[in-house]
Amino acid sequence: MWILPKEESTMKHVLSDWDLSPEQVTQILHISEKIKSKPSLYKHTMEGKTLIMLFELASLRTRISFEAGMTQLGGHAIMYGVENQGFSRSETLKDGVAVLSRYGDIIMARVLKHDSMVEMGEASTVPVINGMTELYHPCQNLADLLTIKEKKGKLEGLKIAYVGDGGCNTAASTIIGCAGQGIDVTVVCPDYPEYSPDPALVVKANEAFTGSVNVSHSVEGVVDVDIIYNDVWVSAGMEEEKKKRMEVFPKFQVNAALVKKAKDDCFVMHCLPAKREVEITSEVMDSPQSVVIDQAENRMHAQKGLMVWILDQ
Ligand code: CP
């Protein structure tokens, strides 16, 4: 979906994974690969450009990889941490974002509620990038696709199992982003609606994309997959649910026995931060099959590609 706030504008927002067509994802990955292989060619690309970064929730990778990436492209990033006070001290989000878009060239934000992200897109006159909401994590998926392509040499025709909380933001972005690139996705999760992907999302992705999307409530769902993907079981803001989650999720732990069910050359991904010995064992996370640190590095390369693409640089 292209958002055209002004007549004849070609401004692009990435408020969710649905804002990027599979062809656009391919373009971004191509730019990211070029930048990663020859960073010196791009060191002036963003000269004079400013990225404004807003966070309602803590971050290590998103915050640092965006700033480092913008620096490496010759631009500048400004961090505005609003973890404790929210965006709107005494003004509306709409007013604040309208002002910020007069200062910066791109706004990247991590917000608690996806509705705030949509509101930011409506108010901004510069591109807005989703740095994670409770519904989507599109920058994570771009990095994941870049990593999969590097490790497997292709995307189309692969099989990925997303193991754990099938109802979370990273699962949704994996479904949309991977199925869009022709990867078959199986979400392996507890048999509870709240821990399974939204059925409407599964239907929509199956209709829209060449990769299939299925849900399995058995760990046998990882049999024969090329990639196992994993995320934390309890994210920030879920403390009240922690007891139930810690009862329901353990049989979906990514451990050596589970990985053995997949293909011999299967690799393991985790968007990090990880809770070792909870959703993933150290034995797996530190094994040769784990690509989690390369995956985290690729946050920076993929986001550099995304920023160059979004500003048509
Ligand atoms: N994966 C991820 O988004 O990491 P951060 O929460 O540290 O940004």
Side-chain angles (χ1 to χ4, degrees), residues 14-17 19-20 25 28 32 51-72 77-84 87 106-114 116-117 120 128-148 150-151 160 162-178 227-239 254 267-276 278-280 284-285 290-307:
V14 180
L15 307 179
S16 84
D17 305 78
D19 289 331
L20 295 171
V25 170
I28 293 165
S32 305
L51 168 70
I52 296 175
M53 308 190 296
L54 305 170
F55 284 87
E56 281 186 333
L57 278 171
S59 164
L60 186 146
R61 279 144 290 269
T62 305
R63 184 240 185 278
I64 305 292
S65 59
F66 260 105
E67 180 164 347
M70 194 57 169
T71 304
Q72 291 172 18
I78 297 171
M79 160 74 177
Y80 184 65
V82 286
E83 291 95 337
N84 299 318
F87 288 133
I106 305 174
I107 296 172
M108 183 278 294
R110 170 169 290 190
V111 289
L112 286 163
K113 291 283 162 208
H114 194 74
S116 302
M117 182 64 57
M120 292 173 73
V128 176
I129 296 174
N130 178 340
M132 197 180 86
T133 67
E134 86 283 19
L135 298 185
Y136 302 103
H137 201 352
C139 295
Q140 182 65 53
N141 183 255
L142 290 172
D144 298 342
L145 290 170
L146 186 62
T147 309
I148 295 168
E150 281 177 359
K151 303 292 176 191
I160 188 169
Y162 186 100
V163 182
D165 182 0
C168 77
N169 47 14
T170 318
S173 290
T174 301
I175 288 170
I176 301 163
C178 289
I227 306 142
I228 291 173
Y229 199 107
N230 191 216
D231 194 358
V232 289
W233 295 338
V234 183
S235 296
M238 294 177 179
E239 286 73 20
V254 174
F267 64 77
V268 177
M269 305 181 81
H270 190 302
C271 69
L272 302 181
K275 285 260 185 288
R276 285 172 177 255
V278 179
E279 76 273 6
I280 186 168
V284 169
M285 195 151 150
S290 166
V291 299
V292 301
I293 303 300
D294 293 337
Q295 184 186 354
E297 178 191 333
N298 278 337
R299 288 295 303 275
M300 183 176 71
H301 303 298
Q303 290 157 189
K304 286 166 79 175
L306 173 61
M307 290 190 288

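Whatever order the structure lists them in is the order used to number ligands and atoms, beginning at 1. Reckoned from all heavy atoms, side chains included, excluding hydrogens, waters and symmetry mates.
A distance limit of 4.0 angstrom between heavy atoms and ligand 1 selects the residues Ser59, Leu60, Arg61, Thr62, Arg110, His137, Gln140, Cys271, Leu272, Arg299.
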Verdict with supporting geometry, Glu67 and Ile64, side chain to side chain contact (heavy atoms under 4.5 Å, CB included): CA-CA 5 Å; Glu67 180 164 347; Ile64 305 292; 5.9 Å; no
Check against side chain to side chain contact (heavy atoms under 4.5 Å, CB included), Met269 and Val292: CA-CA 5 Å; Met269 305 181 81; Val292 301; 5.5 Å; no
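Take Leu112 and apply the side chain to side chain contact (heavy atoms under 4.5 Å, CB included) test, not counting sequence neighbours, and it matches Glu56, Leu57. Remark: Lys151 pairs with Asp294 by the side-chain hydrogen bond (donor to acceptor under 3.5 Å, both in side chains) rule, at least two apart or across chains. Under the side chain to side chain contact (heavy atoms under 4.5 Å, CB included) criterion, Thr62 pairs with Phe55, Ser59, Phe66, Met108, Arg110, His137, Arg299, sequence neighbours left out.
The side chain to side chain donor-acceptor pair (under 3.5 Å) test with Ser173 singles out one residue from Asp144, Asn141, Asp17, and that residue is Asp17.
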